[in-house]
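Down below is the structure, laid out as structure tokens.
In this text, all values refer to a predicted model and were calculated from it rather than measured experimentally. Lettering follows sequence order; numbering is per chain, from 1.
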There are 2 protein chains.
Amino acid sequence: MREIVTILFDEFETLDVFGPVEILGRLEEDFHLNFYSLKGGIIKSSHDVPVCTKPLNSLNLEQYILMIPGGMGTRKLVEDEVFLERLKALYLDAEYILTICTGSILLAKTGFLDGKNATTNKRVFKWTQEFPKVNWVHKARWVRDGNIYTSSGVSAGMDMALGFVADLLGYDVAKKQSIQIEYSWHEDSSWDPFSGDFS
Amino acid sequence: MREIVTILFDEFETLDVFGPVEILGRLEEDFHLNFYSLKGGIIKSSHDVPVCTKPLNSLNLEQYILMIPGGMGTRKLVEDEVFLERLKALYLDAEYILTICTGSILLAKTGFLDGKNATTNKRVFKWTQEFPKVNWVHKARWVRDGNIYTSSGVSAGMDMALGFVADLLGYDVAKKQSIQIEYSWHEDSSWDPFSGDFS
């Protein structure tokens with residue numbers, strides 16, 4: 001059983017979080033989900049979904065999978081030194097890191113993506129120019145580099161989550177999950193019809 | 001601006017709710033989201049997502065779009081007379097009703113689907129036999145009958161939500177939303193590769 005620590009913040013993108021949560025959460029013998037925020041309490045997504053969270057300073061897991069969503073809230077967080085210091089500390093004990101959409105920008109800001117391959121939301125790809133030490137992959141549904149998975153925008157997080165499950169637990173487990181939720185999984189991480197529109 | 005009333009209950013299916021919420025919530029000039037449950041308070045999805053809800057008896061909207069998700073929790077709710085009476089009352093003032101996955105079974109139980117076309121999760125299609133007065137459509141991503149939209153399992157709710165947006169606000173609005181969330185929309189409501197596996 002692995003613990004998944006999802007970092008929430010005001011104006012996180014709803015589906016960035018709950019697409020992967022649906023996929024990982026169904027595998028209840030393999031994963032347990034936890035929702036944290038900097039100070040705890042009720043956090044609202046960009047679409048006014050109020051989620052109850054625990055404060056990050058109450059986290060006492062030795063190891064976990066760290067999940068970082070994107071959304072409008074990242075614009076503010078990328079300048080928040082307290083949050084970034086906390087994120088750096090979280091990174092150190094993470095067995096795997098999964099970012100969705102502009103969650104990879106937050107990780108880039110910590111410096112931990114330097115020299116690594118990564119991707120992000122195709123509509124804000126220009127933002128990546130602020131982090132030239134990262135090898136940004138423009139055309140990718142998701143990118144794996146070691147224990148770090150980064151996905152393209154919003155719904156790409158579901159394909160990445162299934163890819164992560166395939167890597168960790170086997171292709172058949174991932175495929176079965178995709179069928180159970182009647183999802184047409186884009187299995188090829190280089191599939192990306194959205195990269196051209198916003199380059 | 002239309003109000004959307006989403007009914008949550010313990011063990012609702014995470015993506016049933018937050019897939020459509022992502023799509024409708026992005027159209028913030030057109031829709032406003034509200035999350036209710038029978039008694040209010042914190043409701044947890046099947047995947048332990050804790051969402052804050054308002055109690056249904058505090059709802060005082062004259063008109064709204066009613067959204068009913070599915071999930072394991074429906075097994076219990078379909079026998080809950082208090083919930084079903086509340087659902088009947090909610091139905092009467094709804095301009096549109098959207099159900100996802102086994103949410104259509106809850107609506108069927110109220111009798112309001114009698115004589116109407118509808119669909120549901122393909123893995124529990126046998127459950128529909130308990131409601132023979134409904135014209136259940138086996139092969140469908142989603143079904144519209146008048147002001148009632150019903151979708152297949154889990155991720156099908158996203159395609160239905162986009163179809164609903166297309167009907168209400170125009171195809172271009174829906175298409176644009178799908179591109180912005182990098183989602184490969186299945187625009188044809190009769191597309192359904194999942195119907196064969198569980199018939």
Side-chain angles (χ1 to χ4, degrees), chain A residues 4 6 8 13-28 31-35 41-54 71 101 121-123 141 151-159 177-186 191-195 197-198, chain B residues 4 6 8 13-28 31-35 41-54 71 101 121-123 141 151-159 177-186 191-195 197-198:
Chain A
I4 298 178
T6 301
L8 298 186
E13 189 77 19
T14 310
L15 190 61
D16 283 17
V17 172
F18 299 119
V21 158
E22 171 74 32
I23 289 156
L24 301 170
R26 295 178 68 87
L27 294 158
E28 56 191 5
F31 302 114
H32 176 248
L33 290 152
N34 306 273
F35 300 92
I42 298 171
I43 295 290
K44 283 193 173 185
S45 80
S46 286
H47 314 112
D48 282 339
V49 180
V51 185
C52 303
T53 64
K54 298 175 206 165
C101 199
N121 185 316
K122 295 307 148 55
R123 293 171 58 237
R141 190 67 169 164
S151 89
S152 290
V154 198
S155 75
M158 290 187 285
D159 292 324
Q177 288 307 310
S178 73
I179 292 169
Q180 287 194 339
I181 63 168
E182 301 189 24
Y183 180 66
S184 189
W185 178 24
H186 305 103
W191 175 87
D192 189 0
F194 302 101
S195 65
D197 295 347
F198 312 103
Chain B
I4 298 178
T6 301
L8 298 185
E13 189 77 18
T14 309
L15 191 60
D16 283 16
V17 173
F18 298 119
V21 158
E22 170 73 34
I23 288 157
L24 300 171
R26 294 179 68 87
L27 295 159
E28 56 191 7
F31 302 114
H32 177 249
L33 291 152
N34 306 273
F35 300 92
I42 298 171
I43 295 291
K44 284 192 173 185
S45 80
S46 286
H47 314 112
D48 281 338
V49 179
V51 184
C52 303
T53 64
K54 298 174 206 165
C101 198
N121 186 315
K122 295 307 148 55
R123 293 171 57 239
R141 189 67 170 165
S151 89
S152 290
V154 198
S155 76
M158 290 188 285
D159 292 324
Q177 289 306 310
S178 72
I179 292 170
Q180 288 194 339
I181 62 168
E182 300 189 23
Y183 181 67
S184 189
W185 177 24
H186 305 103
W191 175 87
D192 189 359
F194 302 101
S195 64
D197 295 349
F198 312 103

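Between A/E182 and B/S152, the shortest heavy-atom distance links the atoms OE1-CB, 3.1 Å. B/G157 approaches B/P20 most closely through the heavy-atom pair O-CG, 3.6 Å.
Heavy-atom pairs under 4.5 Å with chain B were tallied for A/E28, A/M158, A/R26; the largest tally goes to A/R26. Of the listed residues (A/D192, A/T53, A/V154, A/D159), the greatest number of heavy-atom pairs within a distance under 4.5 Å of chain B belongs to A/V154. In terms of heavy-atom pairs under 4.5 Å with chain A, the best-connected choice from B/I42, B/L33, B/V49, B/V21 is B/V49. Considering only heavy-atom pairs separated by less than 4.5 Å from chain A, the leading option among B/S184, B/A156, B/S178, B/G19 is B/S184. Of the listed residues (B/S46, B/C101, B/G25), the greatest number of heavy-atom pairs within a distance under 4.5 Å of chain A belongs to B/G25.
For A/S195 and A/K122, the side-chain atoms include no donor-acceptor pair closer than 3.5 Å.
Only one option out of A/I181, A/L15, A/V17 pairs with A/E22 in a side-chain contact (heavy atoms from CB on, under 4.5 Å); it is A/I181.
Of the atoms belonging to A/N121, heavy atoms from both backbone and side chain fall under 4.5 Å from chain B.
Ring geometry, B/F18 versus B/F35: the interplanar angle falls from 30° to 60°, so the pair is classed tilted.
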